[in-house]
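Worksheet: one structure, shown below.
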There are 2 protein chains.
Amino acid sequence: MNKDKEVTIYDLAEKLNISVATVSRALKDDPVVSKKTRKKIYDLAEEMGYRSNHFARNLRNQRTDTIGVIVPRLNSYFMSTIIAGIEQVANSQGYNLIISQSSESAEKEVRSARTMFNNRVDGLLVSLAYDSDNLDHFSSFFKKDIPLLFFDRVAEHENVTSVCIDNRRAAFEATRHLVERGCKRIVHITARSNRNVYTDRLQGYRQALQEHGLPFDESMVMYNNLSQEAGYTAAAEILAMPVLPDGVFVANDNCAASCMIGLKKKGIAIPADIAFVGFNNDPVSTVVEPNLTTINYPGYEMGEVAARHLINHLNGAALITATNTILLRSELIIRESSLR
Amino acid sequence: MNKDKEVTIYDLAEKLNISVATVSRALKDDPVVSKKTRKKIYDLAEEMGYRSNHFARNLRNQRTDTIGVIVPRLNSYFMSTIIAGIEQVANSQGYNLIISQSSESAEKEVRSARTMFNNRVDGLLVSLAYDSDNLDHFSSFFKKDIPLLFFDRVAEHENVTSVCIDNRRAAFEATRHLVERGCKRIVHITARSNRNVYTDRLQGYRQALQEHGLPFDESMVMYNNLSQEAGYTAAAEILAMPVLPDGVFVANDNCAASCMIGLKKKGIAIPADIAFVGFNNDPVSTVVEPNLTTINYPGYEMGEVAARHLINHLNGAALITATNTILLRSELIIRESSLR
DNA sequence: TTGTAGGCGTTATCAA
DNA sequence: TTGATAACGCCTACAA
């Protein structure tokens, strides 16, 4: 057993006194190779510890069996659930994953895209950063017909399929639920961003108000980064309002939970004084008291669907450009935070 | 601009009437190439949309600039924080990440290891699965001197550096804290696993009891998978105990939080009746009421340290085999759940 | 400072 | 059914 040298098909061929071509064919289960030869080759390969060289193969084949993934942040329960779904599908189909995070910066997203491109990924899955406004950094992918797919944080582009939920509708239902529970002054806490997930939710919120004859008041929309800390700040801001709201719809559970806690500390009763609805169905939503009414966001499923769709395209089983948008089902989960 | 053909250094060389060798050198900023030529080459490369071919390069260089990462699960806040740290360092050093999850199954871990090996990762970062008991599946890495590093869920091996916290000591401090708060009957909830993180915590728990003259009672140790659901079940089990405990130390915040909630629903006052300490400092710990006393686990930092250490070794800046274990600092964060 | 040429390990084409 | 051989794109002695 040679310790410092890789075994190649040449070694196998030489030892068996056959050609590398035959070895190569046998290793790919080409039926044209006789059963006997094939077995001999497999056995020897096993014995000598042969492993195929991906680079040599990729160099020839012009494909990498690798899928690139770019996400805004890795460290959230929500995003990691999506990635788990992606990994599950990709791995079962023999694809590797290269993952990189844009840290919510358009600039870093550009760099990540370039890296992915240079690494010759077969396809790319992207959830866009807060502030990345144009898609020029993906043009190299379009030019080379490398399939691209957006998930969660998406954008319109003729060559790209988007996988997401109907954020407008989900927000509409969340807000309507509050209205039906008797709320008349509903605050919406969201992120200042042009990303679909936020603009759509804002739209759904507005629409629900409108359809129920409630006025839309720009001062009732609060913008922050939706972090836990931001939730506490938001609580303080709410308390400082001339007239307190009676409902709050937050675009993210973590922020909603800490906001609730901040208010409770100041003696506000939830849901009696102010009802709450969050978004995502994060683990915190069943820990905070009262448990948080929220939108169930199918993260794992979204990852699976995105990966499967891309891979189908890669295998020629489906044409990605034919699909514009895949909407996953989301639903309102009603818990105590809104039951008043 | 050719649309369907890759630009190679040959194309550049031909167009400029120089040799590929010069082009290759210029592209790597070899100082031996004259400034003028180098500029010409860079400009043309830019203009023609040249991108280096990683496979060809890897095929020559026998390295991939890729680090493999195997983790038990991707979808936890805790693990994704570590990965974010790894990504940050790896990316800044020009390394790519291939990530795969073992889903807590030794069998899948074996497969993942093989995939990583075949992908010729330059190094491997691993957090072991619950039940993977031997390290045979990494022997191919050892044979080829591919550096391997364990983090969080580690195991002893002469060729592997481990990055973790002092779980025994952290658990000791957590338990001691409960004792100092007057707890005499302390339950420990953990996972049934031989992984260091659990055995060490159990040991720390035992030691703290012992040093404070409290008896260790095997029936006070409850084993489950530390999930949120398991926390509710644990609450029921605690309520069914002949004598209620007055303190609970849980090896994971998520499980601790839901256990607290389960108990509270049945009228148990926390911390007055039963004090709680968790582990990890997960976001839920500041959402659950009362806020959970816990061990702050430096996940992001752990990811950074693990990645940096591996890369230093790869760059020849440090010898990985010389280091046995890197212990990160963890600390007890005292919140209301234990203040009685 | 630049050029020549061989080789990294595979696969596909053509011929036998 | 098998074999010989030319790419795939890059890097690096060695030579000039």
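Naming convention: chains lettered A, B, ... in sequence-line order (proteins, then strands); numbering from 1 in each chain. Since the structure is predicted, the reported quantities are computational estimates derived from the model, not experimental observations. Below, all heavy atoms of this structure are taken into account, side chains as well, without hydrogens, waters or symmetry copies.
- Considering only side-chain atoms of E6(B), the nucleotide from dA4(D), dT11(C), dG9(D) that sits closest is dG9(D).
- One can place CD of E14(B) at 13 Å from P of dT4(C), the figure rounded to the nearest angstrom.
- In this structure, the CG atom of N58(B) is 19 Å from the P atom of dC8(D), given to the nearest Å.
- Side-chain atoms of R60(B) lie closest to dC11(D) of the nucleotides dT11(C), dA4(D), dC11(D).
- Between L12(B) atom CG and dG3(C) atom P there is a gap of 13 Å when expressed in whole angstrom units.
- Judged by distance alone, the side chains of S19(A) and T22(A) do bring a donor and an acceptor atom under 3.5 Å apart.
- Remark on DNA chain D: of its neighbouring residues L59(B) and R25(B), the 5'-side contact belongs to L59(B), judged by nearest-heavy-atom nucleotide.
- Looking only at atom types and distance, the side chain of N96(B) has no donor-acceptor partner in the side chain of T66(B) under 3.5 Å away.
- As rounded to whole Å, 15 Å separates atom C1' of dC10(D) from atom CZ of R51(B).
- Between the C1' atom of dT12(D) and the CD1 atom of I9(B) lies a distance of 11 Å, rounded to the nearest Å.
- Between F150(B) and T161(B) there is no side-chain heavy-atom pair separated by less than 4.5 Å.
- Phosphate proximity of dC11(D) to Y10(B): absent, as no side-chain N or O sits under 4.0 Å from OP1 or OP2.
- To the nearest angstrom, C1' of dT10(C) lies 12 Å from CD of Q62(A).
- In this structure, of dA13(D), dG9(D), dC11(D), it is dC11(D) that holds the atom nearest to the side chain of V20(B).
- You'll find the ring centres of F142(A) and H157(A) inside the 6.0 Å limit.
- Between F117(A) and F141(A), the ring planes lie perpendicular to each other; the angle is over 60°, past the 30° to 60° tilted range.
- Side-chain polar atoms of D122(A) and T64(A) form a donor-acceptor pair below 3.5 angstrom.
- Of the residues in residues 27-39 of chain B, those placing a heavy atom less than 4.0 Å from an atom of DNA chain C are V32(B), V33(B), S34(B), T37(B), in numerical order.
- Straight-line distance from the CG atom of N17(A) to the P atom of dA4(D): 10 Å, rounded to whole Å.
- S52(A) and R57(A) are linked by a side-chain donor-acceptor pair at a separation below 3.5 angstrom, with hydrogens and angles left out of the test.
- An OP1 or OP2 oxygen of dT11(C) is reached within less than 4.0 angstrom by a side-chain nitrogen or oxygen of S24(A).
- Between S19(A) and dA4(D) there is no side-chain N or O to OP1 or OP2 distance below 4.0 Å.
- Per the geometry, CZ belonging to R63(A) stands 13 Å off P belonging to dT11(C), to the nearest Å.
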